[in-house]
Amino acid sequence: MDFSLTEEQTMLQDSVSKFIDNDYDFEKRQSIAESTKGYSEEFWQTFAELGWTSVPFAEDDGGFGGGPLEIMLMMEQFGRGLVVEPFLANIILVGGVLRRLANAEQKEQWLNGIIDGSKQGALAFTEAQGRYTLSDIITTAKADGDNFVLNGSKAVVLNGGRADFLIIPARSSGKQRDEDGITLFIVDAKSAGISRSAYQTVDAHQAAEITLNDVRVPAANILGELGKAYPTIDAVIDEATLAASAEAVGIMQTLLLKTLEYSKSRVQFGVPISSFQALQHRMVDMLMGCEQSKSLLLWATMANADGSTEAKQAISAMKYLIGTTGRKVGQEAVQIHGGMGVSWEMDVAHYFKRLTAIELLFGNADFHLDKYAANI
Amino acid sequence: MNVNFSEEELAFERDVKAFFKDKYPDDIRQKQDRGINLEKEDMVRWQKILNDQGWAAVNWPVEYGGTGWTPVQKYIFANESAANNAPAVVPFGMKMVAPIIYTFGNEQQKQRFLPDILASNVWWAQGYSEPGAGSDLASLKMRADRDGNEYILNGTKTWTTLGHLAEWIFCLVRTSSDVQRRQEGISFVLVDMATPGVTVRPIITIEGEREVNEVHFENVRIPVENLVGEEGKGWTYGKVLLQHERTNIAGVANSKYRLGKLKERTSKNIHGATPLLEDHAFRRKVGALEIEIKALEYTELRTLAAVAVGKAPGPESSILKVKGTELQQALDELFMEAAGYYALPFVRDQYRLDFPTDDKIGYSTETRSALRYFNNRKASIYGGSNEIQKNIVAKHVLGL
């Protein structure tokens, strides 16, 4: 058991951290978030040039050969900087599927563009009726000669509106919640029969509602085996849960620091409000929440990296704790900032919103507590 | 970073498991598992077995008889000890006064006191709190007036855990009132409790047992060589000690063990009832608590790892104390809830060996549950109340 970082890991962490400090202040972030694209293509290219978009991919595929630990270190920093660039959607979700299932041709066609930053993708894993149950899929895929015909709709697809291509889980056999019978199709987002309605989300990221109306997809566009996609989707969502949680921990720590700073400078009744015990103890509670969350982030990330049998329990434990303590930390940060905390111009308000969004992604606290408790 | 034990760590774990299997006395195991109070003799016997193995003083420096273990080894040992439900070391000598003596004491004091602590020959008690000085410890009034080569002690210490079984007591006393800050003029002295003028009176705690005492000092004369370190510097030493104490009272390994027991008990259909763990609401509470305990386990490991490359535990140890005691108390609540009606019987003799495991009364884990719950409200009060811990963290960690 070991908590130390390798030299390479420290360098990666430093490189992201430096970018946040030098190039990504809050004002910059806001201007990017309010732009039409909602992210900076220039910075996305920088991410690619610095090798960040290649981190989780195998060296044979042109990647860096990193794993959950490297992703954790980067995501914590992205959280600190409140980065809106779609790393989670492209690299973790889409990249996670492609590096597991894509064959050589498919990698050539789709993965290379993800790694070099020239293409945007989206994994359309959510349906409105399914809430957090990954196997709950009613979008259908019917064989028709060498093609499949897809019909259905996908809800709140992260990065879905601006994606060049989509990965779509559809039911090729079985019943609504069966794990068996789910197939992944990769399609150009502009294919006939796909309509997308894109919008910004509360955390300044982007998503889309996607409708599939007789979308014809060649069988060659199936990723992996027909009907056997569930374990991959499940594993990728585990990784995404870890990545988003690392981002959440970075946000929580930043909220604590900003709240400490603010409370020391804000004077009321002739003294800094940091001198009030009622607030001091609450900031200590925030610290304890941050530390406990960080601890489970480390446990879950290491367990997943080591392929431990505990990994799934650890991930649910982590997501539950980060969901519950993250909500407290976020609310307290806003509360202690007073009126400023609920102002659009203040960074804490936007950290709070992103933290809240992460709470709702990939299963909320209740969902993961049930999952965890089922296996105690 | 990785979560698995190395080959060396796995080998160590095997050694520790074998040790508990071979050397942990069966009679003590039975008492512990049935929730029967141990006698002093039991605790001393177990400490001596640990000492023969060289494992009594987990945290001491090697030169004084410590283990020299890595944080992971300490973690492994704590977990095995808890998994066997072995009695925890009585902390006052081993974990509290010894670090002060080997850190601030002189050579003669080290030679005189440390070996007997290591071998559990002498039992110590802690003399910090006073009737008028609880959370505001620096307001303590007990005096030590210099008279030639002696100090004359007058005053009262309270909440003295196991004071009725201890032979020596370490005290914070006021050696000077002519100071600018109240924290100055406090000294750290060692007192043989057999000295004339020392009286120990019991305080019965909420659950009806004698665990703590009030200790009175009336013109008690001690030699000046019983002063540790410099006169007037006791507050500084005491603070260091409290930080050691706080990491000790997180009790994560023990909480893990108790949670396992809770799950085991509530998985059974006691008295023909449906197992409580199948109740969705209760199961979620157990799950949530297990998650918090796991988080604290890793927080403690991270703290230990930091200590291993750095220094004595700092104010961060306060976090472990606050969170650790909150979780202990949450466990107490769940045990009591699980017992239901059988938390109600107040049968004093159930602590003794021959109390029957009668179905009408239930097993000791159930009928003790409410008493344990009441008693352990102390956990968030002792060692500096959790509110005081938060003050410490606010000031020294957050800089508020």
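Since we're looking at a predicted model, the values are computed, not measured. Numbered from 1 within each chain, the chains take letters A, B, ... in sequence-line order.
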Next item on the list: Answer yes or no: is there a side-chain heavy-atom contact under 4.5 Å between B:Lys294 and A:Glu310?
Entry: yes
Checklist line | Engaged part of B:Glu292 at the chain A interface, taking heavy atoms whose separation is under 4.5 Å | finding: both
Next item on the list: Quick one: closest heavy-atom pair of A:Ser295 and B:Thr299, and the distance?
Entry: OG-OG1, 2.7 Å
Note to self: Quick one about A:Gln280 and B:Asn391 (side-chain donor to acceptor, distance below 3.5 Å, no hydrogens or angles considered), yes or no?
What the structure shows: no
Check: Taking the side chain as C-beta and beyond, is there a heavy-atom pair between B:Val393 and A:Met283 under 4.5 Å?
Finding: no
Next item on the list: Find the one option among A:Leu257, A:Leu5, A:Leu287, A:Thr6 whose heavy-atom pairs under 4.5 Å with chain B are most numerous.
Entry: A:Leu287
Margin query: Here's a test for you: under side-chain contact (heavy atoms from CB on, under 4.5 Å), which of A:Arg282, A:Gln277, A:Met288 qualifies with B:Lys390?
Written below: A:Met288
Margin query: Distance check, rounded to the nearest 0.5 Å: A:Tyr320 atom OH versus B:Arg284 atom CZ?
Written below: 7.5 Å
Margin query: Any carboxylate oxygen within less than 4.0 angstrom of a Lys/Arg side-chain nitrogen, looking at B:Arg302 and A:Glu291?
Written below: yes
Notebook entry, point to check: Do A:Val284 and B:Leu400 come close enough that some side-chain heavy atom pair is under 4.5 Å?
Noted result: no
Margin query: Just checking B:Glu333: does its CD atom have more than 12 heavy atoms from other residues, nucleotides or ligands closer to it than 6.0 angstrom?
Written below: yes
Next item on the list: Go through the atoms of A:Asp285 and report whether side chain, backbone, both or neither lie under 4.5 Å from a heavy atom of chain B.
Entry: side chain
Margin query: If I measure from the heavy atoms of chain B, does A:Tyr372 come under 4.5 Å with its side chain, its backbone, both, or neither?
Written below: side chain
Checklist line | Residue part contacting chain B, namely of A:Ile376, when any heavy atom lies under 4.5 Å | finding: both
Check: Heavy-atom distance under 4.5 Å to chain A: side chain of B:Leu277, backbone, both or neither?
Finding: side chain
Check: With respect to chain B, which residue among A:Ser308, A:Ser275, A:Ala374 yields the maximal number of heavy-atom pairs within a distance under 4.5 Å?
Finding: A:Ala374
Next item on the list: Go through the atoms of A:Met286 and report whether side chain, backbone, both or neither lie under 4.5 Å from a heavy atom of chain B.
Entry: neither
Item checked: Which of B:Ala288, B:Ser267, B:Ser6, B:Pro71 touches chain A most, by non-hydrogen pairs under 4.5 Å -> B:Ala288
Next item on the list: Supply the atom-to-atom distance B:Ile291 CD1 to A:Trp299 CH2, rounded to the nearest 0.5 angstrom.
Entry: 8.0 Å
Next item on the list: Any chance you could measure A:Gln292, atom CD, to B:Leu296, atom CG, to the nearest 0.5 Å?
Entry: 5.0 Å
Note to self: With a 4.5 angstrom heavy-atom cut-off, is it the side chain or the backbone of B:Lys263 that approaches chain A, or both, or neither?
What the structure shows: side chain
Check: Is it the backbone or the side chain of A:Ser263 that comes under 4.5 Å from a heavy atom of chain B, or both, or neither?
Finding: side chain
Next item on the list: Let me know if A:Ala314 has heavy atoms under 4.5 Å from chain B in its side chain, its backbone, both or neither.
Entry: neither
Note to self: Heavy-atom pairs under 4.5 Å with chain B: which of A:Lys294, A:Gln9, A:Met302 has the most?
What the structure shows: A:Met302
Margin query: As an exercise: rank B:Leu301, B:Val72, B:Leu398 by heavy-atom pairs under 4.5 Å with chain A and give me the winner.
Written below: B:Leu398
